[in-house]
Structures are given as structure tokens and as C-alpha cells.
Amino acid sequence: MQEIKKSIVGITLGIRFSRSFRIPDMSGEIIDNILNDPNSPFDNKFFPKITETSSKEKTLYNNNGENLKITSDDFIVSIKVDNNFEEKFNFLSKKVTEYFYSIFDLFSIENINRVGVLFYCDIENTDISEKTIDLLTNKTVDNLQNFSMSFSQKKQTTEGLIKKGVKDYINIIYGLNKNKEVDKLEFNFDYQKFFIPALSKLSKANIDDQLKKALSELETTYSKWLSSYDKQ
């Protein structure tokens with residue numbers, strides 16, 4: 001069975017907070033801190049380029065497809081994985097997470113609504129798309145060119161069940177895509193932890209724990225049903 005960690009080609013960590021129009025106004029200071037603070041895991045070599053929209057949303061990026069986007073609602077960082085999953089996962093769960101805690105405190109970014117972890121996976125030699133279409137159409141469609149499917153699942157959390165006034169929950173979005181020209185299945189696994197009520201500080205979100213739980217859910221999902229289509 002193909003190990004799912006070896007199939008991961010990218011990770012995105014997203015933090016959503018209540019919309020703050022202060023963020024675009026402070027984005028220059030935030031970017032300066034990201035690129036120059038000694039405690040930042042990023043610098044102008046990691047992210048040598050920057051773009052800005054008319055609404056002052058800024059994106060730091062490099063030529064490897066990695067980026068850090070700052071909006072009035074989100075901080076979103078995307079990291080490429082190239083046969084070095086453990087290194088990149090630890091980079092996010094330790095260095096990036098600790099730095100985000102400090103920068104959110106420094107700029108008083110509060111009311112954290114959601115932490116999301118998105119794994120991008122390339123799975124080789126699978127016929128899940130053909131089997132799914134055969135099942136849906138009773139084998140009346142052949143010569144399949146492209147395939148795309150998305151579905152979601154809502155899960156209760158322990159906090160949401162036992163803590164008075166807490167309605168936290170987890171939403172998982174599964175995405176499957178395949179192009180006939182590429183001999184692989186793209187599997188996107190989007191794990192989202194919602195905080196109700198919103199958290200006053202990012203550190204209360206325990207991002208490292210959310211990353212680990214997201215990875216555990218991904219591995220469980222793969223071992224239970226996606227691996228049955230793995231030909232290796």
C-alpha cells in the first residue's frame with residue numbers, strides 16, 4: 001500500500017479571524033516584520049517577491065509555488081513538499097506556528113474563528129475515477145477525459161460536546177481530481193477546526209495539535225477507503 005505521507009506534495013495552513021480593516025492598513029508593518037524579524041522563519045530569500053491588490057491584500061511568494069497571503073480575514077501560508085514531508089511538517093508545526101503566535105499578539109489580531117490544514121496529495125496509478133463513474137452511470141460512459149469530485153463531512157469535537165457554551169466543530173472537505181493527460185489522482189484533504197465562540201488569542205487554537213489531528217485524519221481516511229483503489 002502506498003504510504004500517504006510520500007504522496008503529499010504541498011501543505012497549506014490557514015488562519016481565519018473576524019474581519020479586521022486594520023490588517024490592510026498594517027500590512028506593510030506586518031510584511032516588514034515577517035521579512036526582517038530574527039524570530040521569523042521567513043526572510044526575503046524565502047519570499048523574494050510580493051504582490052498587492054487594490055484592497056491592500058498582500059502576498060509574499062517565491063518561484064517554488066510557496067506563498068504567504070495576508071488579507072483582512074486570513075493569514076494563509078502554503079509550503080511545497082518534495083520528498084521531505086517530515087521536515088516541512090515540523091517547520092509548519094514548530095517554527096511557523098510559534099512565530100504566528102507572536103505576530104498575532106504583536107499586532108493584536110484577535111477573534112480567531114478557524115484553523116485549516118490542507119494537504120495536497122498526488123496518488124499514482126489509481127482507477128477510482130473510472131470505478132466511480134461506472135457506478136454512477138451503470139458503465140454507460142467510456143473514454144473518460146477528466147474527473148472532479150468534492151464532498152464534505154462535519155464532526156463533533158470533545159469541547160463542543162462537554163463544554164457549556166462551546167459549539168466547536170470540525171469540517172473536512174475531500175477533493176478528487178484527475179486529468180487523462182496525467183497518470184495520477186490529485187487528492188486534496190482540507191481539515192478545518194471551527195471555534196465557536198471565537199478565540200481571543202491564536203495560541204489558544206493549539207495549531208500544532210490541529211496539524212497532528214489533521215494528519216491523523218488523513219492517514220485514517222486513506223487507510224480505510226482510498227487505499228482500496230491503490231494498485232501498488
Identify the heavy atoms of [X] and [Y] that sit nearest to each other, and give their distance.
X: D168; Y: T157; answer: O-OG1, 3.1 Å
X: I79; Y: F91; answer: CD1-CE2, 4.2 Å
X: A214; Y: F189; answer: O-CE2, 3.6 Å
X: K80; Y: E66; answer: N-OE2, 3.1 Å
X: S55; Y: P24; answer: O-CB, 3.8 Å

side-chain contact (heavy atoms from CB on, under 4.5 Å), that's the test. Do Y174 and Q153 meet it? Break it down for me. CA-CA 8 Å; Y174 308 85; Q153 177 185 23; 2.7 Å; yes
Less than 4.5 Å apart, any side-chain heavy atom of [X] and any of [Y]?
X: S93; Y: I207; answer: no
X: N177; Y: N188; answer: yes
X: L215; Y: K5; answer: yes
X: I23; Y: F17; answer: yes

Is there any salt bridge (Lys or Arg N to Asp or Glu O under 4.0 Å) pair reaching into residues 22-51, and which pairs are they, with sequence neighbours excluded? D25-K56
For the rings on F104 and F75, is their centre-to-centre separation under 6.0 Å? yes
Can you see whether Y191 has K213 sitting over its ring - NZ or CZ less than 6.0 Å from the centre and within 45° of the normal? no
Find the distance between [atom1] ([X]) and [atom2] ([Y]) and round it off to the nearest 0.5 Å.
X: D73; Y: R16; atom1: CG; atom2: CZ; answer: 5.0 Å
X: N113; Y: Q192; atom1: CG; atom2: CD; answer: 12.0 Å
X: L218; Y: I4; atom1: CG; atom2: CD1; answer: 5.0 Å
X: Y61; Y: I50; atom1: OH; atom2: CD1; answer: 9.5 Å
X: E110; Y: D105; atom1: CD; atom2: CG; answer: 8.5 Å
X: I34; Y: L68; atom1: CD1; atom2: CG; answer: 4.5 Å

Parallel, tilted or perpendicular for F89 and F119, by the 30°/60° rule? parallel
What is the ring orientation for Y169 with F194, classed by angle as parallel under 30°, tilted 30 to 60°, or perpendicular over 60°? parallel
For N90, enumerate each residue passing the side chain to side chain donor-acceptor pair (under 3.5 Å) test, keeping only those at least two apart in sequence or located in another chain. none
Stepwise side-chain contact (heavy atoms from CB on, under 4.5 Å) test for I11 and V77: CA-CA 8 Å; I11 311 171; V77 59; over 6 Å; no
Applying a strict under-4.5 Å side-chain criterion to I, L, V, M, F, W and Y, I'd like to know whether F46 and F100 cluster together. yes
Please determine whether the number of non-hydrogen atoms from other residues, nucleotides or ligands lying under 6.0 Å from atom CG of N64 exceeds 12. yes
Give a yes or no on this: more than 12 heavy atoms of other residues, nucleotides or ligands lie within 6.0 Å of atom NZ of K69. no
